[in-house]
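Below is one structure; the comments refer to it alone.
Note that the structure is predicted; figures quoted are calculated from it, not measured. In listed order, ligands and their atoms are each counted from 1.
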Amino acid sequence: MKIARITGKEIFDSRGIPTVMCEMFLDDGTVVTAEVPSGTSKGDHEAVELRDGGSRLFGMGVSKAIHNIDHIIAPELVGKTPDVVIADALMRRIDPTSDKSILGANATLAVSYAVCRAQAAANGLHLFELISALYDTESVSLPFPYFNMVNGGAHADNSFPIQEIMIAPIGAQNFRVGLEAAMEVFHEFQKLLRSKGKSTAVGQEGGCAPTFSSYTEPFDLLTQAIASAGHEGTFVFGIDVAANQLYDKESGLYRWGKEKVTTSDLIGIYTELFNKYSLYSIEDGCSEHDVAGWQSLYAQLGESTQIVGDDLFVTNIEAIARGIENELAGAVIIKPNQVGTVTESLEAIELCHQAGLNPIISHRSGETTDTFIADLAVGASAGQIKAGGCSRGERIAKYNRLLWIEDMLTMSALDDHSETD
Ligand code: PGA
Ligand code: ZN
C-alpha cells in the first residue's frame, strides 16, 4: 500500500484555539486522520508551534503549518509506503533545527501521527500494536492513570497556585476498575463542592476549578470525597505545580497565593503535603530555571515521592540526559508535541527506561479528540499516563480508548488461553 495524498487542515482545539489536522489517503482507499494538541503552560525549550501571527484568530492561525504539510512534506511522502521511521527521518532532514522551527512541530507531529495510523492500517495492526512493534516492547501493559480533579494555575481563573491535583488508583486491579472508582470520586467531589456553595465548573483539563480558602483545602475535600465514594485506600495524590508559571527569574522567588516564597519554603510545602496526604508524585515542583532547586527537591523527597520533570525536560533526550547526570528527577513527562515526531518521543521513552526513570505519557491543556497518546502509553508500555479529569469529551476520549484496548487485550489473552487448553 502506498500513500496517495496528504492534506493539512486547520481545526480547533478544546480551548477554541486553531490547531493542525492531517488527512492521509492510501491507494487502496483507506483514509486516516490525526490531530495535534497544544499547551498553555509551556516549557521554554519546547519545539516550535508554527502560528501565523497577524490579526486573524488572535495571530494563532496555523495556515503556515498547513502550507508546510501540503507543499513541503506531502510531495516527499506521496507514492511511498507509509513508514513512520522513514517519514520522521525525512522531516528531520528537511528541518534539521533542534526546535522544528522551519516546518513547525504542529505540522510534523500531525504527519507523524497520520503515518503511524496509515502504517498500522497497511499492516492490519491496531495502533498500539504498531507502536509496540516499533518500540520492540516485550509485552504491552495498560498505564497507571492520573485523573485530574482540581485545575488551578494557568488552566483556570481561580488563583489557586497548584496547576493540577490528581488522584491515581494505586489499589485498583485493572484500568476499568480504576476509572470507575475515579468517576465515582469525581461525582462525590462535585456534590461536596456544591454543598459548600463552591463552583463545580471545570478548568481546561476537566478538573473542578473553584476558589479554595487554603492550599490544603482541596486535599481535605478530595480525601472526604474518596471516603464517601467508598474508595478509601484506593487512591494516592499527584500534583503538577507547573512552577515555571510561579517563578520570578529576577528575584529567584515563587508566587504562592499572595505570598512570595523561596525554593526551600516551596519544598517545605511539598513535604507538608507529603506527610499529611501521602503525596505520591510531584511534577514541575521547581522552575526549569531553578536547577539547584530541582537538585535539592530530588535529594530531599526523591526517595519517597516520584519527582517528575515536564517543562524541565520537554521530551528532549539531551535535557533528559542532563537531568540523569545531575540527579534532578525520577520521572519524565512525555508530550509528543514538545518534540514534534513519534520517533523522537519513543527515543525519549527509551532513554527513560534505560536509565531507570519513569516515563509518563501526557495530554496537553489544549486537546482534541485524537487518542494517539492512549495507544502510545500501551504500545511503549510506558507505565503511567496523564489524560485529564473525569469530564470533557477530549479527555474522556483517551480513557475510552484505553478501556477499549484493555478489553481487546483481555479478549485476546482469553483466546490464547483457550487455544492452549
Ligand atoms: P500544558 O499543561 O499542556 O498547558 O503545558 C499540562 C502540563 O503542564 O502538564
Ligand atoms: Zn506539567
Side-chain angles (χ1 to χ4, degrees), residues 13-17 19 35-49 51 60 105-106 109 143 145-158 160-166 168 202-207 209 237-247 254 270 279-290 294 297 305-316 319-320 323 328-340 345 348 358-368 370 372-373 376-377 382 384-389 392 394-395 398:
D13 71 22
S14 54
R15 303 164 303 177
I17 292 176
T19 190
E35 299 168 5
V36 300
S38 165
T40 303
S41 74
K42 295 183 192 164
D44 286 0
H45 302 287
E46 295 196 14
V48 170
E49 250 172 25
R51 301 277 180 192
M60 299 295 272
N106 42 357
L109 189 68
Y146 289 81
F147 299 105
N148 185 321
M149 290 285 144
V150 170
N151 282 198
H155 292 173
D157 295 324
N158 55 357
F160 188 65
I162 302 172
Q163 181 177 279
E164 302 162 30
I165 301 178
M166 294 161 280
V202 297
Q204 289 186 352
E205 296 188 342
F237 285 113
I239 56 174
D240 180 4
V241 185
N244 262 12
Q245 306 289 322
L246 307 176
Y247 191 63
Y254 291 86
Y270 304 149
L279 203 52
Y280 185 82
S281 183
I282 304 171
E283 178 181 335
D284 281 353
C286 292
S287 158
E288 66 180 277
H289 303 289
D290 181 13
W294 275 97
L297 173 61
T305 320
Q306 177 172 257
I307 302 296
V308 188
D310 171 12
D311 295 341
L312 178 70
F313 295 135
V314 291
T315 318
N316 177 303
I320 299 169
L328 303 184
V332 178
I333 290 288
I334 304 289
K335 293 172 169 168
N337 85 318
Q338 285 180 330
V339 65
S345 307
N358 304 329
I360 306 172
I361 309 299
S362 173
H363 65 156
R364 300 306 306 249
S365 49
E367 266 296 335
T368 72
D370 190 298
F372 195 97
I373 57 163
L376 177 63
Q384 302 180 61
I385 192 168
K386 278 177 70 180
R392 295 191 64 131
E394 75 281 1
R395 317 289 148 184
K398 277 73 166 171

Output the distance between atom CG (D310) and atom OG (S362), rounded to the nearest 0.5 Å.
6.5 Å
First locate atom CZ of F237, then atom CG of L279, and finally report the distance between them rounded to the nearest 0.5 Å.
8.5 Å
Rounded distance [0.5 Å steps], CG in L328 versus CG in L297:
10.0 Å
2.8 Å shell around the Zn ion (ligand 2), exclusive bound, protein N/O/S atoms:
3
Which distance, rounded to the nearest 0.5 Å, do you find between the CG of L312 and the SG of C286?
9.5 Å
When rounded to the nearest 0.5 angstrom, what distance separates CG in N316 from CD in Q338?
9.5 Å
Angle class for the Y247/Y254 ring planes (parallel below 30°, perpendicular above 60°, tilted otherwise)?
tilted
Which one of K335, R15, K398, K386 satisfies the salt bridge (Lys or Arg N to Asp or Glu O under 4.0 Å) criterion with E367?
K398
First-shell residues of ligand 1 [heavy atom, distance under 4.0 Å]:
G39, T40, S41, H155, Q163, E164, E205, D240, E283, D310, K335, R364, S365, K386
CD on E394 to NE2 on H363, rounded to 0.5 Å:
9.5 Å
Ion pair E49/R364, N-O distance below 4.0 Å
no
